[in-house]
Amino acid sequence: GGKNNTAGGYYGAVNAGYNNAAYGESSAVNGGVSNEASAFGSTVNGGINNEASNPYSAVNGGKDNEASGVYSAVNGGTSNEASGVGSAVNGGTENEASGDSSAVNGGYDNEASAGDTAVNGGAYNEASAYASVVNGGGYNEASAYGSTVIGGEGTIAYQNYSVEGKTPE
C-alpha cells in the first residue's frame, strides 16, 4: 500500500504511507512518511522521518526520531534517540537514552547516559552514573552511583543519596 515505498529486506514489509523503506530482514514500516526500518526485526509505526537502525528496535510515531540501540525504542516526540541496548525515550524533544537499559521520559534535551538510569521530564538534565535518576527540574545531574536529584535547578548529586533540587531565589 501507499506510494513510493520500498520493501528491500528479506521478509521486509511496508504497509501504507509514503516514501518509506523496510531494508532490514523481517523489518516493517507501518504508515507515515519518509520512515526507515533498516535492521533485522526493526519496526517504524507511523510518524515522519523516523529510523529504527539496530536489530529489534522500534520507533512509534513522532518526527526525526531514531532507535539506534539493539532492543531500543522511541515512543513519539521529536528529535529523540535511544542508542543504548534496551533503552527508551518516551516523548519529549531532543532527548537521548544512551546508557544500556536507560530511559528518558519526556522533557527537553535530557540524557540518560549510564546503565540503568532514568531522567523523568524537565530540561537539560543528565543521569550520568550507574542506577542514577533525575526527576524533573532543569540543569540537574545525578553523577554518583545510585544517586537521585529531585527537581529544582542546577543541582548535582555527587554521592549515593537523594538530593532535593535547590530552587533559585
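For reference, positions follow the sequence shown, starting with 1.
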Could you tell me which non-hydrogen atom of [X] sits nearest to which non-hydrogen atom of [Y], and how far apart they are?
| X | Y | answer |
| --- | --- | --- |
| A82 | A73 | CB-O, 3.5 Å |
| A97 | S87 | O-OG, 3.3 Å |
| A39 | P55 | CB-N, 3.5 Å |
| A142 | S132 | O-OG, 3.3 Å |
| S113 | S98 | CA-OG, 3.3 Å |
| S72 | G84 | CB-O, 3.7 Å |

Can you tell me if [X] uses its side chain to pair, donor with acceptor, with the backbone of [Y] under 3.5 Å?
| X | Y | result |
| --- | --- | --- |
| D100 | V85 | yes |
| N20 | N35 | yes |
| N65 | N50 | no |

To the nearest 0.5 Å, what is the distance between [atom1] on [X] and [atom2] on [Y]?
| X | Y | atom1 | atom2 | value |
| --- | --- | --- | --- | --- |
| Y10 | F40 | OH | CZ | 11.5 Å |
| S38 | E25 | OG | CD | 13.5 Å |
| K3 | Y18 | NZ | OH | 6.0 Å |
| S143 | Y158 | OG | OH | 6.5 Å |
| D109 | T93 | CG | OG1 | 10.0 Å |

Legend entry - side-chain hydrogen bond (donor to acceptor under 3.5 Å, both in side chains) partners of S53, counting only residues at least two apart: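 If we apply the side-chain hydrogen bond (donor to acceptor under 3.5 Å, both in side chains) test to S53, skipping adjacent residues, the hits are E66.
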Legend entry - D116: side-chain hydrogen bond (donor to acceptor under 3.5 Å, both in side chains) partners, not counting sequence neighbours: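 Result, side-chain hydrogen bond (donor to acceptor under 3.5 Å, both in side chains) vs D116: Y130.
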Inset, instruction - Evaluate side-chain contact (heavy atoms from CB on, under 4.5 Å) for T43 paired with N30, printing each intermediate quantity in order. - result: CA-CA 8 Å; T43 307; N30 299 307; 3.9 Å; yes
Legend entry - Check against side-chain contact (heavy atoms from CB on, under 4.5 Å), T78 and D64: CA-CA 6 Å; T78 57; D64 297 326; 5.7 Å; no
Inset, instruction - Describe, in one word, how the ring planes of Y139 and Y124 are oriented to each other, choosing from parallel (under 30°), tilted (30 to 60°) and perpendicular (over 60°). - result: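 Plane angle under 30°, so parallel.
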Inset, instruction - Check the pair S34, N49 against side-chain hydrogen bond (donor to acceptor under 3.5 Å, both in side chains), reporting the backbone distance first and the verdict last. - result: CA-CA 5 Å; S34 298; N49 204 37; 5.4 Å; no
Inset, instruction - Give a yes or no on whether Y23 atom OH has more than 12 heavy-atom contacts from other residues, nucleotides or ligands under 6.0 Å away. - result: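 Open.
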Legend entry - Residue of the set N95, N110, N135, N90 for which side-chain hydrogen bond (donor to acceptor under 3.5 Å, both in side chains) holds with N105: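 For N105, the side-chain hydrogen bond (donor to acceptor under 3.5 Å, both in side chains) check succeeds only for N90.
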Legend entry - Linked, directly or transitively: I48 and V44 (ILVMFWY side chains, under 4.5 Å):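 No; V44 is not reachable from I48 via cluster members.
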Inset, instruction - Apply the side chain to side chain contact (heavy atoms under 4.5 Å, CB included) test between T148 and each candidate in V133, N140, V134; give the one that qualifies. - result: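 Looking at V133, N140, V134, the match for T148 under the side chain to side chain contact (heavy atoms under 4.5 Å, CB included) is V133.
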